[in-house]
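Within every chain, numbering begins at 1; the chains are lettered A, B, ... in the order of the sequence lines, protein sequences first and strands thereafter. Scope of the values below: all heavy atoms of this structure, side chains included, with no hydrogens, waters or symmetry mates.
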Amino acid sequence: MSPDESIPELKQILGSLIFGSRHPLGVQEMRKNLVEVAKSYGKHAAAFSAVKPADIRAALAELQSDVEKSAVGFHLSEIAGSYTFQSDDRSGPWLRHLLEADKPHRLSRPALETLAIIAYRQPITRGEIEDVRGVSVDHIVRVLMEVQLVRIVGRSKLPGRPMLYGTTKKFLEHFGLADVKHLPGIEELARREMNQASKASTEEKSQDDDAPTADGEAEEIATEAAGDAETVGTDDGPADTQESD
Amino acid sequence: MESITVPEEHKVSLEIFEGPLDLLLYLIKRNELDIYDIPIETITDQYMEYLGLMRLLDLDIAGEFIVMAATLMLIKSRMLLPVDKRPELDEEDEEDDPRWELVRQLVEYRKFKEAASFLQEKELKQENVFALGSDGVELEDDHDIGIEEVGIFDLITAFNSVLKRVEERHFGEILGDTFTVADQIEVTLSAVRERDELLFTSLFEGMASRQEIVCTFLAVLELIRLSQISVIQKGRFHEIILKSVAA
């Protein structure tokens with residue numbers, strides 16, 4: 001039987017891709033797929049040979065809205081810059097039972113606070129974290145790295161060349177965030193408070209306050225050791241994360 | 001307050017992950033103080049009281065707690081001086097209020113605590129969400145990132161009120177009875193498991209010896225750390241409840 005030759009809408013193709021994919025898909029991946037299929041399969045697929053990222057994002061937004069309106073128990077979510085279908089959180093207990101998933105493990109308050117400081121102020125040194133918290137964060141940072149929510153993103157140019165820390169892709173997944181830029185109040189909290197102690201050090205670093213990555217401020221080091229080569233933020237436009245009811 | 005001798009081999013080594021700023025914010029919240037106009041004498045007195053309790057419990061006090069104590073004393077003394085007599089600490093010290101730097105630090109940290117609450121909400125929501133092929137973050141139990149839900153200072157506050165009640169009754173130390181943390185771990189665990197849910201304060205009912213109370217409190221902390229019991233509060237600064245953890 002030959003496939004139905006009618007042209008599916010872009011959003012329907014994207015929906016199928018995301019549904020069928022074994023992992024969350026990014027806009028670039030989807031675009032690549034459309035362009036390659038236009039070339040190899042031709043026929044009606046050729047309509048999408050020149051599709052632009054903006055077209056894809058628009059179609060995804062429409063798809064997301066359609067899914068929301070249908071209220072079918074799952075959502076189209078953007079997590080860590082990629083798109084995937086995620087179940088409605090209200091159905092958690094049923095799914096947990098079906099999947100025989102483990103009891104959830106949660107972070108303690110001190111760990112969350114340390115993580116918040118790193119997430120908003122990255123890249124940041126241990127000393128700078130401690131300046132905000134008022135106490136040592138040695139153990140907590142080590143543990144956060146062990147569970148891969150935090151990683152080393154570079155080295156500061158300050159004397160002693162202390163390590164710079166930032167959050168990982170797993171961090172975004174764990175908290176259901178599309179991007180670090182979406183943290184509430186990011187512009188205000190990312191700005192380093194000028195006090196006597198940190199004035200000298202911030203003059204050495206770049207003035208770029210809202211970029212979560214370490215472009216040019218510090219030496220990037222190989223992240224194979226940390227096991228996570230993904231960059232933290234992506235340049236894909238901010239699509240809405242899964243909205244709660 | 002003299003410290004209770006806890007037998008060396010039963011010393012509970014508890015790392016406190018909260019620092020002096022956490023304690024100050026806790027006191028500010030608990031006393032409903034205006035963070036922009038902190039009554040420095042009141043807060044210093046309370047801070048020192050908590051420091052004393054932590055020493056009594058032999059908790060691992062970070063050096064920063066002592067430094068903060070000194071800072072508070074310094075601020076207090078500066079505030080007692082008339083404005084024109086205050087020594088200039090720094091040419092750049094535009095603020096006449098000696099509390100300013102501390103307040104700035106507290107306000108900033110508090111913003112991050114709010115951010116942490118936001119993250120916590122997201123975390124709670126996300127743990128009920130499943131997606132095709134996404135890896136969850138596996139946080140193993142033995143990572144020991146600290147005491148969950150009910151904070152250490154809430155526990156110390158509750159401990160303090162139990163201690164005060166005993167002192168009021170002026171019961172003497174029962175000669176010959178030694179209490180150890182290990183013993184109290186057993187006692188506490190069976191008490192909690194038997195009733196499934198237990199008010200923190202009722203654990204100490206009938207106790208007259210300070211050593212018994214201290215060892216029992218340390219046993220509670222240890223059991224929390226080992227995830228054998230959990231602690232909840234129905235609201236901030238409410239009664240603390242101990243719950244047994246399902247096998």
In this structure, CD of B:Glu108 is separated from CD1 of A:Ile117 (nearest 0.5 Å) by 8.0 Å
Do you know which two heavy atoms are closest between A:Val135 and B:Gly19, and how far apart they sit? CB-CA, 3.6 Å
For chain A, which residues from residues 35-42 of chain B have at least one heavy atom closer than 4.5 Å to it? none
Hey, is B:Glu123 close enough to A:Arg106 for a salt bridge, meaning N to O under 4.0 Å? no
Taking it one step at a time, do B:Phe112 and A:Arg133 satisfy side-chain contact (heavy atoms from CB on, under 4.5 Å)? CA-CA 9 Å; B:Phe112 280 107; A:Arg133 269 212 87 212; over 6 Å; no
Measure across B:Asn128 and A:Asp89 and return the closest heavy-atom pair with its distance rounded to 0.1 Å. CB-O, 3.1 Å
To the nearest 0.5 Å, how far apart are CD in B:Gln126 and OG in A:Ser77? 7.5 Å
Going from CG on B:Leu119 to CG on A:Leu177, what distance comes out if it is rounded to the nearest 0.5 angstrom? 7.0 Å
Looking only at heavy atoms, what is the nearest atom pair of B:Ala116 and A:Arg109, with distance? CB-NH2, 3.7 Å
Enclosure of B:Lys113 NZ (heavy-atom neighbours >12, cutoff 6.0 Å): yes
Minimal heavy-atom distance between B:Phe130 and A:Leu99, with the atoms involved, is CD2-CD1, 3.6 Å
In terms of heavy-atom proximity below 4.5 Å to chain A, should B:Phe118 be classed as side chain, backbone, both, or neither? side chain
About how many Å separate CZ of A:Phe175 and CD of B:Glu127, when rounded to the nearest 0.5 Å? 10.5 Å
Using the side-chain contact (heavy atoms from CB on, under 4.5 Å) rule, take B:Tyr109 and A:Asp131 through it: C-alpha gap first, then chi angles, then the decisive distance, then the call. CA-CA 10 Å; B:Tyr109 187 34; A:Asp131 280 342; over 6 Å; no
Which pair of heavy atoms, one from A:Gly176 and one from B:Lys122, lies closest together, and at what distance? O-NZ, 3.5 Å
Residues 61-70 of chain B: residues contacting chain A (heavy atom under 4.5 Å, by number): B:Ala62, B:Glu64
Evaluate whether atom NZ of B:Lys29 has more than 12 neighbouring non-hydrogen atoms of other residues, nucleotides or ligands under 6.0 angstrom away. no
For B:Ala115 and A:Ala116, which heavy atoms make the closest approach, and how far apart are they? CB-CB, 4.1 Å
To the nearest 0.5 Å, what is the distance between CZ (B:Arg110) and CD (A:Glu113)? 13.0 Å
Sort A:Phe19 into side chain, backbone, both or neither according to what part of it lies under 4.5 angstrom from a heavy atom of chain B. backbone
